[in-house]
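All remarks here apply to the structure that follows.
This structure is a prediction, so every number in the text was calculated from the model and none was measured.
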Amino acid sequence: MMTKSNIKGGLVLALVGESGAGKTTTTAIIEDMGFAPLALGKYLREMAIAEYGTPERVQVQKLARKMQAIHGDDYYARIALSDSSFLQTRNVIIDGLRNTAELKYTTQAVADTGRELFLVALMASDETRFSRVVGRGRAGDPLTRERFVEDDARASGSMEDGFQQNGILIDMAQHTIHNTGDMQTLRDRIEQAVRIAHQSITKEIY
């Protein structure tokens with residue numbers, strides 16, 4: 001059970017987006033702005049490594065589906081948000097919400113701590129994302145365009161399948177960052193997104 005805290009006026013940014021859109025890079029930039037980072041995928045990947053050694057993306061997806069079937073679609077959000085940094089830090093950046101159940105749980109958890117949630121989508125072209133996925137050299141990532149498209153289709157999801165719903169969450173985002181690959185442009189767009197998020201909190205308070 002999550003311990004209650006009260007950090008009124010704090011901001012929790014949550015990132016959504018397809019594989020290779022730049023969520024990890026964006027999280028690191030926002031961390032440098034004073035936000036505590038939480039990555040939902042970290043806990044899933046740790047489980048997958050323990051299960052498979054060097055898991056492919058499809059194996060990670062199957063493991064997530066299995067654990068969500070047992071524990072609920074918001075399982076990884078509940079694990080991540082039990083971290084002390086979420087409860088004790090005023091501003092937090094969450095990397096990688098994957099479905100509406102995780103978003104619902106996160107929204108309530110943020111409200112319970114007296115903060116505001118701001119949902120940000122990371123977008124990039126399919127060609128750019130595939131190039132990044134291949135280039136980052138992460139064990140288990142798809143190395144062919146066919147496998148990449150298949151994995152993407154499973155991750156996009158539908159309202160009927162709560163396993164992974166990237167497409168739905170992107171449509172629900174309050175702000176969208178288009179990541180072209182130029183780092184300075186990305187930093188500028190991130191800073192703009194954070195300003196907009198803080199302004200939205202100010203409007204809520206006053």
Spacing of [atom1] belonging to [X] relative to [atom2] belonging to [Y], to within rounding of 0.5 Å:
| X | Y | atom1 | atom2 | answer |
| --- | --- | --- | --- | --- |
| D73 | R65 | CG | CZ | 9.5 Å |
| T26 | R187 | OG1 | CZ | 10.0 Å |
| L38 | L13 | CG | CG | 12.0 Å |
| R189 | I177 | CZ | CD1 | 9.0 Å |
| T106 | L97 | OG1 | CG | 4.5 Å |

Please enumerate all residues that pass side chain to side chain donor-acceptor pair (under 3.5 Å) together with [X], with sequence neighbours excluded.
| X | result |
| --- | --- |
| D83 | S85 |
| T27 | none |
| T185 | D182 |
| N91 | none |

Main-chain N/O of L15 paired with K23 side-chain donor or acceptor, under 3.5 Å = no
ask   = Considering residues at least two apart in sequence or located in another chain, which fulfil the side chain to side chain contact (heavy atoms under 4.5 Å, CB included) criterion with T24?
value = D95, R138
Student check: side-chain heavy atoms of [X] and [Y] closer than 4.5 Å:
| X | Y | result |
| --- | --- | --- |
| Y75 | I70 | no |
| I79 | M47 | yes |
| V16 | M172 | no |
| L44 | R98 | yes |
| E102 | N99 | yes |

With [X], which residues qualify under ring pair (Phe, Tyr, Trp, His ring centres under 6.0 Å), at least two apart?
| X | result |
| --- | --- |
| F148 | F130 |
| F35 | none |
| H175 | none |

task = List the steps and the verdict of side-chain contact (heavy atoms from CB on, under 4.5 Å) for I170 and E18.
result = CA-CA 9 Å; I170 288 169; E18 302 284 11; 4.2 Å; yes
message = Taking salt bridge (Lys or Arg N to Asp or Glu O under 4.0 Å) as the definition, give me every residue that meets it alongside D74, ordered by chain and number, with sequence neighbours left out.
response = R78
Salt bridge (Lys or Arg N to Asp or Glu O under 4.0 Å) partners for R90, two or more places apart = none
Would you say [X] and [Y] are hydrophobically clustered, going by side-chain heavy atoms of ILVMFWY under 4.5 Å?
| X | Y | result |
| --- | --- | --- |
| M183 | M33 | yes |
| V58 | M67 | no |
| I196 | I93 | yes |
| I94 | I168 | yes |

Shortest non-hydrogen separation from [X] to [Y] and the atoms involved:
| X | Y | result |
| --- | --- | --- |
| V60 | A48 | CG2-CB, 3.8 Å |
| L117 | A14 | CD1-CB, 3.9 Å |
| L11 | A197 | CD2-CB, 3.8 Å |
| A21 | L122 | CB-O, 3.5 Å |
| A36 | T89 | CB-CG2, 3.6 Å |
| A109 | L81 | CB-CD2, 3.6 Å |

message = For D112 and Q108: C-alpha separation, side-chain torsions, deciding distance, then whether side chain to side chain donor-acceptor pair (under 3.5 Å) applies.
response = CA-CA 6 Å; D112 287 346; Q108 186 60 58; 2.8 Å; yes
task = Using only heavy-atom distances, determine whether the side chains of R136 and T25 contain a donor-acceptor pair under 3.5 Å.
result = no
key: Sequence neighbours excluded - side-chain hydrogen bond (donor to acceptor under 3.5 Å, both in side chains) pairs with any residue from residues 30-56   = E56-R147
inquiry  = Going by side-chain hydrogen bond (donor to acceptor under 3.5 Å, both in side chains), name the pairs with one or both residues in residues 117-133, residues two or more places apart or in two chains.
reply    = S125-T128, D126-R129, R129-D152, R132-N179
